[in-house]
Amino acid sequence: MTSLFNRIASFVSRRILYSGPYSIECPICHFVGRFKPFGLVPRSNAVCPKCGSLERHRLLCLALHERPLLSEADRVLHFAPEPCLSGIIRDKSASYQSADCKPQPGSIPLNIENIALPSSSVNVVIANHVLEHVDDEAALEEIKRILTPGGRLIAMVPIVEAWEHTYEDPQITQKPDRERHFAQSDHVRFYGRDFRERICSHGFDLEEFQADGPRSAQYGLNRGECVFIACKTERSGSGERDPQSMAHFALTAR
Ligand SMILES: [Zn+2]
């Protein structure tokens, strides 16, 4: 009886706390109510209290639902996997494998700058807020190599749209300096608008997905944030590497 009372009291208090004129809807877990703040300088309505999604996760979820980014025939490799999105991506694809340089259980160890997978072995690579941490020239070449012709890279990065050029400086290596220059101690650059040219220069055609104003309010999104969908062009080289030099992983886990 006490347990039932506690559950009812918890439900009622949550409805009071997380409802009202600031209600946000999570497209991932379908929670509706007030979201939590998040960030060094806290952003209001950033975190879904049910699934933990941030603005960028909810935008990618919308893109996955509204654009034909994944098909039931796709083999998907998901770098730095976000737990709140893994299930959605898995359900929309034929095979799913997550990977990270320091992987959690269920993921495999892969270095995005030197990916130990055969050429043309996956149809889709998802790398959400990864490229600003790494040598992106090496990473984009490797992603292109492992993608099949026509395969897609789905990526999001922090961008200063007012800047024409990306800001990076290899001399800035100390964590406090990186935090001051690039907003996070493990970031190595701040992208400008030329992020698009960087992607296309590696043999990709580029599309973008954004949410409009009403839906940004509905789902608690960062206004103007983009999901970049880079399609490996048929004219891109295959970039074959000696398979004997690589560890092979079977991308069949689901
Ligand atoms: Zn949620």
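Numbering of ligands and ligand atoms starts at 1, following listing order. Note that the structure is a prediction, hence the values are computed from the model and not measured.
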Asker: Would Arg189 and Phe195 satisfy side-chain contact (heavy atoms from CB on, under 4.5 Å), going step by step from the backbone distance to the final call?
Answerer: CA-CA 11 Å; Arg189 67 183 65 82; Phe195 174 71; over 6 Å; no
Asker: Do you see an N/O/S atom of Cys29, backbone or side chain, under 2.8 Å from the Zn ion (ligand 1)?
Answerer: yes
Asker: Of Leu69, Ile154, Leu64, Leu59, which meets side-chain contact (heavy atoms from CB on, under 4.5 Å) against Phe209?
Answerer: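 Only one of Leu69, Ile154, Leu64, Leu59 forms a side-chain contact (heavy atoms from CB on, under 4.5 Å) with Phe209, namely Leu59.
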Asker: With the Zn ion (ligand 1) at the center, what angle do SG from Cys48 and SG from Cys26 span, rounded to 10 degrees?
Answerer: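 It is 110°, given to the nearest 10°.
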Asker: Apart from Val47 itself, which Ile, Leu, Val, Met, Phe, Trp or Tyr residues share its cluster (side-chain heavy atoms under 4.5 Å, direct or through members)?
Answerer: Phe38, Leu54
Asker: Strictly under 2.8 Å, is the Zn ion (ligand 1) approached by any N, O or S atom of Cys84?
Answerer: no
Asker: In terms of heavy-atom contacts, does NE2 of His65 have more than 12 from other residues, nucleotides or ligands at under 6.0 Å?
Answerer: yes
